[in-house]
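Structure first, then comments.
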2 protein chains.
Amino acid sequence: MYYFFYLLRIVKSDFIKNWDTQLRKGLLPLFVLHIIQRKEQYGYELIVELKATASFEVTESTIYPMLTRMTKDGLLQSRWVEQGSGIPRKYYSLTPEGKKKLKEMKQVIQRLFTNLSEL
Amino acid sequence: MYYFFYLLRIVKSDFIKNWDTQLRKGLLPLFVLHIIQRKEQYGYELIVELKATASFEVTESTIYPMLTRMTKDGLLQSRWVEQGSGIPRKYYSLTPEGKKKLKEMKQVIQRLFTNLSEL
DNA sequence: AAGTAATACATCGTAATGCGATGTATTACT
DNA sequence: AGTAATACATCGCATTACGATGTATTACTT
């Protein structure tokens, strides 16, 4: 079964698809921080939100490690919120450091925009 | 010696710097194909050109493997050109497949632009 | 004459990261 | 009883930028 999916990936290996992945890899952290800044988010909510507002389709195995990473890097802080029923949610918000970094990132993007517009 | 540089990288590990790398990772192939389409290029020339026209600083250990990869993927073709003196140059140009892919990539970027502008 | 820098090719190993597969638990719908 | 949605999480693979390193030629500098 594993092997089947492995073969499938080899066969479907497409330059554009691969490139697209790399591109998202770069832009995703920006979108994530931006959305969290607007409003405190929990992981699952963020996945839905990314798809809705940025047409960015990501899976849980992308988002959860990323949120953990950003927390470890001091950009995010989290708190558990018990629900009346169901699984508790882990809400993430920006730390002051996170807000500062987001601002820096937007400046970098701004500069890249300029270069890109020439092409 | 190796270990020293390894430590150095750990210490200087910065979220923004790392993110910037990922971002370039996504945009670089686009710039490379774009520049080669305008005019046939050899590796060393391309490095200089990227810095001059796109403020994109890359090293040889990024560009040479990338050109090899793109050739293997059928996007580029190469030919050796002997110089009157010095080391021969390997010139790269777009294959028809490469031109088609570049067009697709520009469309993807266009779409991402739209999403980005909202932020 | 010797040393450095620029030009020109290339490869190795490490770090980083998206994503598919997989697992667990709860609730709601069919 | 079975499927789907909600909500968390980890493992392992594939991809790729980049520092370090190597080789060869030519030009400039001390």
Side-chain angles (χ1 to χ4, degrees), chain A residues 1-10 12-15 17-29 31-32 41-48 50 56-73 78 80-92, chain B residues 1-10 12-15 17-29 31-32 41-48 50 56-73 78 80-92:
Chain A
M1 196 60 163
Y2 263 113
Y3 189 62
F4 171 72
F5 283 108
Y6 175 69
L7 278 180
L8 200 72
R9 195 166 358 160
I10 294 285
K12 289 187 75 182
S13 162
D14 179 51
F15 179 79
K17 175 139 197 186
N18 195 355
W19 171 68
D20 198 60
T21 301
Q22 298 301 326
L23 197 59
R24 291 149 154 286
K25 211 166 176 168
L27 293 172
L28 190 53
F31 279 105
V32 166
Q41 300 268 325
Y42 60 95
Y44 196 87
E45 183 185 17
L46 189 60
I47 292 166
V48 177
L50 275 165
F56 232 93
E57 288 190 45
V58 270
T59 63
E60 291 157 286
S61 44
T62 298
I63 287 300
Y64 289 120
M66 176 179 269
L67 290 172
T68 306
R69 224 181 301 139
M70 285 176 165
T71 305
K72 214 177 283 171
D73 286 340
S78 68
W80 283 100
V81 176
E82 300 281 341
Q83 300 307 112
S85 78
I87 300 161
R89 296 170 178 168
K90 201 183 205 171
Y91 276 90
Y92 290 90
Chain B
M1 197 58 165
Y2 263 114
Y3 189 62
F4 172 72
F5 283 108
Y6 174 69
L7 277 180
L8 200 73
R9 199 170 348 164
I10 293 283
K12 288 187 73 180
S13 162
D14 180 50
F15 179 80
K17 174 140 199 186
N18 196 356
W19 170 69
D20 197 61
T21 301
Q22 298 301 326
L23 197 60
R24 291 150 155 285
K25 211 166 178 168
L27 292 171
L28 190 55
F31 280 105
V32 166
Q41 300 267 328
Y42 60 94
Y44 196 86
E45 186 186 17
L46 187 60
I47 291 166
V48 177
L50 274 166
F56 230 95
E57 289 189 47
V58 271
T59 63
E60 290 157 288
S61 44
T62 297
I63 286 301
Y64 289 120
M66 177 179 268
L67 290 172
T68 307
R69 224 181 301 141
M70 285 177 165
T71 304
K72 214 177 283 172
D73 287 339
S78 68
W80 282 101
V81 177
E82 299 281 341
Q83 300 306 112
S85 77
I87 301 163
R89 295 169 179 170
K90 201 184 206 171
Y91 276 91
Y92 290 90

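Just so we're clear, the structure is a prediction, and the values are computed from it rather than from any experiment. Naming: A, B, ... by sequence-line order, numbering from 1 per chain.
Note on A:Arg69: a side-chain N or O is less than 4.0 Å away from OP1 or OP2 of C:dG18. Under 4.0 angstrom from either OP1 or OP2 of C:dC19 there lies at least one side-chain N or O belonging to A:Thr62. Contact annotation: A:Lys90 reaches the phosphate of D:dA9 (side-chain N/O to OP1 or OP2, under 4.0 Å). Within the structure, every side-chain polar atom (N or O) of A:Asn18 is placed at least 4.0 Å from both OP1 and OP2 of C:dG18. For D:dT10, neither phosphate oxygen OP1 nor OP2 lies less than 4.0 angstrom from any side-chain nitrogen or oxygen of A:Tyr64.
Heavy atoms of A:Ser61 sit under 4.0 angstrom from at least one base atom. Using a 4.0 Å heavy-atom cutoff across all strands shown, B:Trp19 reaches no nucleic acid atom at all.
Take the nearest nucleotide of DNA chain C for A:Pro65 and for B:Trp80: the residue whose nucleotide is more 5' is B:Trp80.
Between B:Asn18 and A:Asp73 the shortest side-chain heavy-atom distance does not fall below 4.5 Å.
Taking the six-membered ring where tryptophan is involved, the planes of A:Tyr91 and A:Tyr42 are perpendicular, since the angle between them exceeds 60° and thus also 30°.
A 3.5 Å limit on both hydrogen-bonding distances identifies D:dA5 as the Watson-Crick or G-U partner of C:dT26.
You'll find that the side chain of B:Lys25 is closest to D:dA17, out of C:dT26, C:dC19, D:dA17. Nearest to the side chain of B:Tyr44, among C:dT17, C:dT27, C:dT7, sits C:dT7. Taking every side-chain heavy atom of B:Arg89 into account, C:dA8 is the closest of C:dA8, C:dT17, D:dC18.
Figure legend: A:Arg24 and A:Phe56 shown as a cation-pi pair, the cationic atom lying under 6.0 angstrom from the six-membered ring centre and within 45 degrees of its axis.
Residue-to-nucleotide contacts include a donor-acceptor pair under 3.5 Å from the side chain of B:Glu60 to the base of C:dC9.
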